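Structure first, commentary second.
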Amino acid sequence: MVKDIDWSSLGFGYLKTDYRYVSNFKDGKWDEGTLSTDETVTMHESAGVLQYAQTCFEGMKAYRTADGKVVCFRPDLNAQRMADTCERLEMPVFPIVRFIDAVEKVVKANLDFVPPYGSGASLYLRPYMFGTNAVIGVKPAEEFQFRIFATPVGPYFKGGVKPISLRVPDFDRAAPRGTGHIKAGLNYAMSLHPIVDAHKQGFNENMYLDSKTRTNVEETGGANIIFVTKDNTVVTPKSDTILPSITRRSLMYVAEHYLGLKAEEREVPFTEVKDFKECALCGTAAVLSPVGKVVNKDQEIVFGMDAMGEVTQKLYDTLTGIQMGRIEAPEGWIKVIA
Ligand code: PLP
Ligand code: COI
């Protein structure tokens, strides 16, 4: 029985569900893993994650489709990106096949928490890993825990389709150089101050420029960015210091193959932003959130719309249509779980 939750009023927060997946790495191998009802973690006071932030995470969603199935969107890409992150952080890879199997187990064990079709909510999944044994010299841990919990969520930005505002901060891109393309705890800790500061100034998020030249658009604290030119080309910043968003890769494919639009991944100098017709943030949590305004010191760029721009709306409808089974998906994009 689907839980009695007011799905349409859910924001992006944590709500405890029944089961999470836990697997431990010790003596060079992963144990077989298990589902647990315990949402707490107890560990050593000098654990690698606590001392040197040796931790990483992923974000993905399960959806209920128009025909009553429960599906996941491209979980293999999350598994692969987490493997890439682990390699860069000297953490053991949780094998791709086991990652997908664990996702399936967690979703199946929490089926009652998968929001109903059409509610606007979905079940957010958070796979993550951290170093658990004591380290005090600066070196990688040797023991790790991999977990996946699930929590039903609504929109990342409050206010539905109301366009959000961004500002270009004085802060550099949050990620230490060379780690922008991984999804790791430390990157996000460094972005907390810029985000709090943006909120204080009345903005929803930061539009980071590249830290080397501070001329090209990168991404925001929790999402990539797409733009639409006046002649309807979809443009997204090319950079190897941003997180390679799975939503963005999917949108670029949708633009080209479903909507017949030109899609370009290329450097986007900030000076070009004023010439675009539409701008939106894209990500698992953000989905596709329209941007109404970008402020860089005393320059204010207004995209002049009250809701989603025309092309953004088409991209949104097609992507969410694929995710929720209304539109046929490209081969391999949808994993049916129940
Ligand atoms: N960029 C950052 C910094 C993020 O935290 C996220 C969220 O996962 C994204 C981009 C979007 O990535 P994806 O579409 O794979 O969720
Ligand atoms: C996601 O979209 O899954 C994210 O990780 C964004 C965020 C909540 C940091």
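Whatever order the structure lists them in is the order used to number ligands and atoms, beginning at 1. For reference, positions follow the sequence shown, starting with 1. The structure presented is a predicted model; accordingly, all values stated were derived computationally and were not measured.
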- request: Give the single entry among Gly222, Gly283, Cys282, Ala285 that approaches atom 4 (C) of ligand 1 most closely by any heavy atom.
  value: Gly222
query: Is there a heavy atom in Ala286 that sits closer than 4.0 Å to ligand 1?
result: no
- request: Would you mind running through ligand 2 and noting each atom that sits below 4.0 Å from a heavy atom of Thr284?
  value: 1 (C), 2 (O), 3 (O)
- request: May I ask you to list the atoms of ligand 2 that are less than 4.0 angstrom from any heavy atom of Gly222?
  value: 6 (C)
message: Are Trp333 and Tyr253, when compared by the centres of their aromatic rings, separated by less than 6.0 Å?
response: yes
query: Is there a heavy atom in Lys61 that sits closer than 4.0 Å to ligand 2?
result: no
- request: Would you please indicate if the ring centroids of Phe149 and Tyr14 are separated by under 6.0 Å?
  value: yes
- request: Kindly say whether the aromatic ring centers of Phe146 and Phe94 come within a distance under 6.0 Å.
  value: yes
- line: Under 4.0 Å from one or more heavy atoms of Tyr188, ligand 1 contributes atoms 2 (C), 3 (C), 4 (C), 5 (O)
message: At less than 4.0 angstrom from any non-hydrogen atom of Tyr124, what atoms of ligand 2 do you find?
response: 1 (C), 3 (O), 4 (C), 5 (O)
task: Please work out whether any backbone atom (N, CA, C, O) or any side-chain heavy atom from C-beta onward of Lys183 is under 4.0 Å from ligand 1, and answer side chain, backbone, both or neither.
output: side chain
task: Give a yes/no on ligand 2: does Lys183 have at least one heavy atom closer than 4.0 angstrom to it?
output: yes
- request: Examine the side chains of Asn204 and Lys158 and answer whether a donor and an acceptor come within less than 3.5 Å of each other.
  value: no
- prompt: Considering only heavy atoms, does Ser245 approach ligand 1 within less than 4.0 Å through its side chain, its backbone, both, or neither?
  reply: both
- prompt: Is there any N or O on Ala285 that sits under 3.5 Å from an N or O of ligand 2?
  reply: yes
- prompt: So is Glu58 close enough to ligand 1, meaning a heavy atom under 4.0 angstrom away?
  reply: no
- prompt: Can you list the ligand 2 atoms lying under 4.0 Å from a non-hydrogen atom of Phe57?
  reply: 5 (O)
task: Kindly say whether the aromatic ring centers of Phe57 and Tyr128 come within a distance under 6.0 Å.
output: no
query: Any side-chain donor-acceptor pair under 3.5 Å between Arg167 and Asn206?
result: yes
- prompt: Looking only at side chains, do Glu264 and Thr233 share a donor and an acceptor under 3.5 Å apart?
  reply: no
